[in-house]
Amino acid sequence: MPSAETSSSTAVRGRPFREGLLALEPPRLLGSRCTDCGAASFPARAFCPSCRTGAVEPTELSPDGRVHSFTVVRQAPAGVEVPYTLAWVDLPTDRVRLMAQVVGVVPEAVALDMPVALELTPFGTAEDGAELVGYRFRATGEVAP
Amino acid sequence: MSPAPAHVAGAGMVRFGKYPAEVTLESMALGAARAALADAGAGLGSVDGLYVGHVFGGPVAGQRIAAQLGLDGRPVSNHENYCASGATAVREAWVALAAGLHDVVLVIGVEKMTDRVAGGVRPDPGDLDAAVGYVMAAGHAMSARRYLADHEATREQIAAVAVKNHAHSVHNPWAQYRKPISLDQVLGARPIAEPLGLLDCSPISDGAAAVLLCNPAGLRRLGIAPTGPRVRGVGLVSGSVQTGLGDINAEDVSRRAGKEAWRLSGVEPGEIDLVEMHDCFTIAEIVRMEGLGLVPHGRGAAWAAEGMTALGGRLPVNPSGGLLSRGHPVGATGVAQVCELTWQLRGTAGGRQVDGARTALAYCKGGTVNGTDGGSVTTVVMTA
């Protein structure tokens, strides 16, 4: 018998909640990169928002991030469970910043520049019954308990 | 070459607040419209067209209002730019007047939120940020967290914006809240999105505001002397797609909105006597004033705490009480700002009057779009 599954391994069996957003094995965010200036975007765009001239090609982004800023959301519209930690996460390797939830750390211990790593998370069920997969980041390294 | 100014012939509001179901979107719009017409001494027959800003009003809200008001049959347009919707309607009316398409137009901003929105506003469900849990308060909370770290600012300085604006609203009969609040009350309020608490956030509100705008031909039609406040120009920009790992409080969208305001109005930043600023959250007033270039970068929180942006200070911001205390029925806000500027520039703002006000600016920022630094930003410049 396999041991209890983590949310990540469960999630791998489903499909991304939006097409083209992420790869499941291994977990990677999918962006675009300019073949001219090298600027990367997430999610992927049909143009380079930096130089506006180059062609873009699909790219997998680094799963290693750090918290640029964050908040603990205590009140949200109906149907959204609180509290949760929402952050601007920087992917320094790709020079990409994106918004995502951060887990694996109590709200009081989240800090600026804290290292985090990409992981998959269940994201509800599609109309055809398929499990949907989203993304979030988990605190890594030494974090105050 | 910028379009000609539009004269504000009349301005009127219904008091912002939380109203029961029988107070409808249409009835509030009618109240504001009739107040603006009465202020101008104008009849419905003089109105060429109706411009309406709203977000949650549903399809053809403007035509529903027109049918009850007695403006049925005339050109009616509905304008949605989220919290900049009302100001966007003002902009389109100004353009139509300058073009000579119309001579007298009524602009209404209206919103009935209390029966349609609960727990805070958020982006369109199709937006990627909304999918990961973004609510407006969260974005501003992350802005505040970074501002505190980058500028050696304090939580108390940010909270000072709420204390200041509530102190102003004591003198505003149109404001939802008219009681002063203390710094301790702001700091001790229930947390919404840390570090921001309930009193750092503008409320969910109902309300309506209206202005009657005209060009020189319209002034003649109404028999009004061309001596009152004028809309000199209305800037409109959208957020641009961001790349790299820059300052999340850079407010390039505000910088560009300011540039448009100065270009279209011919007014220079140093001439501004007061600002009605979109303080949907305390921190927003700070970073947007900095983005416009009206407060030095990184100094906005200190300016608020030192009284520089209070009535009697160097540059009064939100003498009306702002969104934090006047209330924020989103589509009505931009038109309510123009009403306040009109009263300030006429010198009839009573206890909240900015002495010697000759030139003023109103700023709205509406909505968010994943990957950009904003949805829409409007900048209205008016002179006495």
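Quick note on labels: first sequence line is chain A, next is B, and so on, each numbered from 1.
The side chain to side chain donor-acceptor pair (under 3.5 Å) check on B:S238 picks up nothing, with sequence neighbours excluded. The side chain to side chain donor-acceptor pair (under 3.5 Å) search around B:S143 returns B:N249, not counting sequence neighbours.
The side-chain heavy atoms of B:V241 and A:S50, taken from C-beta on, include no pair separated by under 4.5 Å.
For B:K259, the NZ atom sits in a loose shell: 12 or fewer heavy atoms of surrounding residues, nucleotides or ligands are nearer than 6.0 Å.
The OG1 atom of B:T243 sits 16.0 Å away from atom CZ of A:F42, with the distance rounded to the nearest 0.5 Å. Atom CZ in A:R97 sits 6.5 Å away from atom CD1 in B:I248 (nearest 0.5 Å).
For A:L98, no part lies under 4.5 angstrom from a heavy atom of chain B. For a residue to count as touching a neighbouring chain, one of its non-hydrogen atoms must lie under 4.5 Å from one of that chain's; by this rule A:L86 touches chain B with backbone and side chain alike. Interface remark: B:A144 contributes no atoms to any contact with chain A (heavy atom separation under 4.5 Å). Both the backbone and the side chain of B:A138 come within contact range of chain A, each with at least one heavy atom under 4.5 Å from a heavy atom of that chain. Interface residue B:R145: backbone and side-chain heavy atoms are both found under 4.5 Å from chain A.
Interface with chain A: from residues 280-291 of chain B, no residue qualifies, criterion being any non-hydrogen pair under 4.5 Å.
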Table please: side-chain donor-acceptor pairs of residues 69-82 of chain A below 3.5 Å, with sequence neighbours left out.
{"residue": "A:S69", "atom": "OG", "partner": "B:M142", "partner atom": "O", "Å": "2.7"}
{"residue": "A:T71", "atom": "OG1", "partner": "B:E194", "partner atom": "N", "Å": "3.1"}
{"residue": "A:T71", "atom": "OG1", "partner": "B:E194", "partner atom": "O", "Å": "2.6"}
{"residue": "A:R74", "atom": "NE", "partner": "B:E194", "partner atom": "OE2", "Å": "2.6"}
{"residue": "A:R74", "atom": "NH2", "partner": "B:E194", "partner atom": "OE2", "Å": "2.8"}
{"residue": "A:Q75", "atom": "OE1", "partner": "B:R190", "partner atom": "NH1", "Å": "2.7"}
{"residue": "A:Q75", "atom": "OE1", "partner": "B:R190", "partner atom": "NH2", "Å": "3.4"}

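Between B:V132 and A:Q101 the shortest heavy-atom distance is O-NE2, 3.0 Å. Minimum interatomic distance between B:R146 and A:L112 (heavy atoms only, all atoms of both residues): NH1-CD1, 3.9 Å. Heavy atoms only, all atoms of each residue included: B:L245 and A:P92 are closest at CD1-CA, 4.2 Å.
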Can you check side chain to side chain contact (heavy atoms under 4.5 Å, CB included) on A:F17 and B:L128, steps first, answer last? CA-CA 10 Å; A:F17 76 95; B:L128 183 59; 3.8 Å; yes
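Judged by distance alone, the side chain of A:Y84 and the main-chain N or O of B:G133 form a donor-acceptor pair under 3.5 Å.
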